[in-house]
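See below for the structure under consideration.
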Amino acid sequence: MSDQQPAVDPAVTAVADDIAEMDIRGAATIADAAAGALATQAERSEAADPAAFRAQLRAAARELYETRPTAVSLPNALRFVLRGMEGETVADLRASTIDRAERFRADLSQAQEKLGRIGANRLRDGDVVMTHCHSTDALSCVEAAVEDGKHVEAIVKETRPRKQGHITARQLREWDVPVTLVVDNATRRYLDDADHVLVGADSIAADGSVINKIGTSGLAVNARERGVPVMVAAQTIKLHPDTMTGHTVEIEMRDEREVLPEPERAEITGGDPDDEGFVVENPAFDVTPPRHVDAIVTEHGQYPPESIVTLMRELFGATTDDPWSV
Ligand code: RI2
């Protein structure tokens with residue numbers, strides 16, 4: 001059977017591996033890389049006929065789809081590109097797929113710029129934002145505010161276990177934004193110094209729930225208690241259309257070694273790798289209910305979380321399909 005599997009180009013497999021390992025990470029960046037990988041598959045395909053070409057593209061999309069389950073930007077990107085694959089010949093299919101992927105990538109970066117300009121309107125001169133993880137959508141709001149001549153400062157949460165706060169801090173320093181880095185446990189104390197909580201999203205559900213890096217929900221609850229508004233910056237590629245029909249968003253559970261390296265584990269268990277009484281869990285995301293979110297900022301404007309479903313219906317219709325599983 002295996003020799004009948006459509007050939008997926010090694011460059012696509014390399015992108016899929018990088019997404020799974022988080023060398024390529026962040027919902028928008030993953031979507032961009034996945035669209036680029038489908039274009040590469042189209043470019044390099046040696047399929048002899050249109051059916052074989054389509055099967056290869058679907059197989060490539062499947063491999064990319066199976067890397068990480070939570071950020072809906074990935075299936076949304078794959079769907080968008082595969083739906084644009086049109087033509088009666090291999091040459092036409094190739095050209096239409098590459099065009100569609102290029103359009104997707106251009107739209108993505110434009111959407112982020114627009115979103116940033118809208119989000120920047122919420123930031124006043126002298127404001128302090130508290131960030132969690134590393135979100136290019138969230139940082140585009142700070143970038144636009146700085147371009148507008150506003151002085152913005154940031155309290156950057158480290159974000160265990162992978163410390164993406166370091167990426168945020170590096171980016172902000174490149175823009176000359178003053179940064180205070182704090183451990184996640186210091187959140188509540190430093191909320192007193194913040195004017196906004198500013199985070200991104202991996203997926204947004206139809207009821208306005210925000211699925212983002214683990215720790216976001218606790219941050220939002222604390223912010224509500226402290227009276228600090230919570231702003232979620234999310235391009236519409238993060239809207240999860242399946243949630244309109246009752247599906248839930250799968251929360252990715254990652255390898256425990258991200259939390260506890262093996263030598264440290266051995267210190268706890270006395271070197272017993274089969275100690276059933278000791279468990280490490282590593283969920284990558286959590287769900288922040290809409291009541292703890294003040295605004296979702298998209299490239300179409302800002303929305304109270306409860307009304308995001310209207311935008312979702314408008315952009316995605318009522319149903320979705322998985323063209324890679326045909
Ligand atoms: P942008 C990240 O997930 C973070 O949760 C971040 O808030 C979100 O993606 C959105 O990032 P991970 O890939 O699309 O680090 O705004 O697990 O860049």
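Remember, it's 1-based here, ligands and their atoms both numbered in the order they're listed. Not measured: the values here are computed from a predicted model.
- Taking every heavy atom of Q164 and a limit of under 4.0 angstrom, the matching atoms of ligand 1 come to 15 (O).
- Close approach to F285 involves these atoms of ligand 1, each under 4.0 Å from a residue heavy atom: 3 (O), 5 (O), 17 (O).
- Judged as a ring pair (Phe, Tyr, Trp, His ring centres under 6.0 Å), not a single pair has a partner in residues 124-150 (not counting sequence neighbours).
- Under a cut-off of 6.0 angstrom, the local environment of CZ in R257 is sparse, with at most 12 non-hydrogen atoms contributed by other residues, nucleotides or ligands.
- A salt bridge links E113 with R117; the closest basic N to acidic carboxylate O contact falls under 4.0 Å.
- When hydrophobic clusters are built by joining Ile, Leu, Val, Met, Phe, Trp and Tyr residues whose side-chain heavy atoms come closer than 4.5 Å, directly or via intermediates, V249 is not grouped with L78.
- Close approach of ligand 1 to N212 is summarised as follows: ligand atoms under 4.0 Å from at least one heavy atom of the residue are 4 (C), 5 (O), 6 (C), 7 (O), 8 (C).
- Neither the backbone nor the side chain of R162 comes within contact range of ligand 1; no heavy atom lies under 4.0 Å.
- Here's the thing with G26: one of its N/O atoms is less than 3.5 angstrom from an N/O atom of ligand 1.
- At least one N/O-N/O distance between A27 and ligand 1 falls below 3.5 Å.
- K150 places a side-chain N or O within donor-acceptor distance of the main-chain N or O of L123, the cut-off being under 3.5 Å.
- From the protein, the heavy atom lying nearest to atom 10 (C) of ligand 1 is A201 O, 3.4 Å.
- Geometrically, ligand 1 and A28 share a nitrogen or oxygen pair separated by less than 3.5 Å.
- Atoms of ligand 1 lying under 4.0 Å from at least one heavy atom of M22, given by number and element, are 15 (O), 17 (O).
- The one candidate from I167, V129, V177, V179 that meets the side-chain contact (heavy atoms from CB on, under 4.5 Å) condition with V156 is V179.
- Within ligand 1, counting atoms from 1 as listed, the ones closer than 4.0 Å to a heavy atom of H134 are 6 (C), 11 (O).
- Of all the heavy atoms of S73, none lies under 4.0 Å from any atom of ligand 1, so neither backbone nor side chain is involved.
- Cluster annotation: M130 is connected to V210 through the hydrophobic network of ILVMFWY side chains, with a link wherever side-chain heavy atoms come within less than 4.5 Å.
- Looking from atom 17 (O) of ligand 1 to the surrounding protein, the closest heavy atom is K213 NZ, 2.6 Å.
- Atoms of ligand 1 found under 4.0 Å from any heavy atom of K238, numbered from 1 in the order shown, are 1 (P), 14 (O), 16 (O).
- For the pair Q235 and ligand 1, no heavy-atom separation below 4.0 Å is found.
- A heavy-atom distance below 4.5 Å is found between the side chains of L315 and H300.
- Ligand 1 is never approached by A71 to a heavy-atom distance shorter than 4.0 Å.
- Protein heavy atom nearest atom 16 (O) of ligand 1, with residue, atom name and distance: S135 OG, 2.7 Å.
- Close approach of ligand 1 to C133 is summarised as follows: ligand atoms under 4.0 Å from at least one heavy atom of the residue are 4 (C), 15 (O).
- Closest to atom 8 (C) of ligand 1 among all protein heavy atoms lies D202 OD1, 3.3 Å.
- Looking at ligand 1, you'll find an N or O of T136 within less than 3.5 Å of one of its N or O atoms.
- No chain of hydrophobic side-chain contacts below 4.5 Å, direct or via other Ile, Leu, Val, Met, Phe, Trp or Tyr residues, connects L219 to L139.
- For the pair R100 and F80, the cation-pi test (distance below 6.0 Å, angle within 45°) is passed.
- Judged by the shortest distance from any of its heavy atoms, V199 lies outside the 4.0 Å radius around the atoms of ligand 1.
- Atom 15 (O) of ligand 1 has its closest protein heavy atom at R25 NE, 2.6 Å.
- By the 4.0 Å heavy-atom criterion, H132 is excluded from the residues contacting ligand 1.
- In this structure, E252 has no heavy atom closer than 4.0 Å to ligand 1.
- One side chain, E258 or N282, offers a donor N or O that lies under 3.5 Å from an acceptor on the other.
- Using a 4.0 Å cut-off between charged side-chain N and carboxylate O, D207 and R291 make no salt bridge.
- Remark: E267 pairs with no residue by the side-chain contact (heavy atoms from CB on, under 4.5 Å) rule, at least two apart or across chains.
- E153 and H151 share a donor-acceptor pair across their side chains, judged by distance under 3.5 Å alone.
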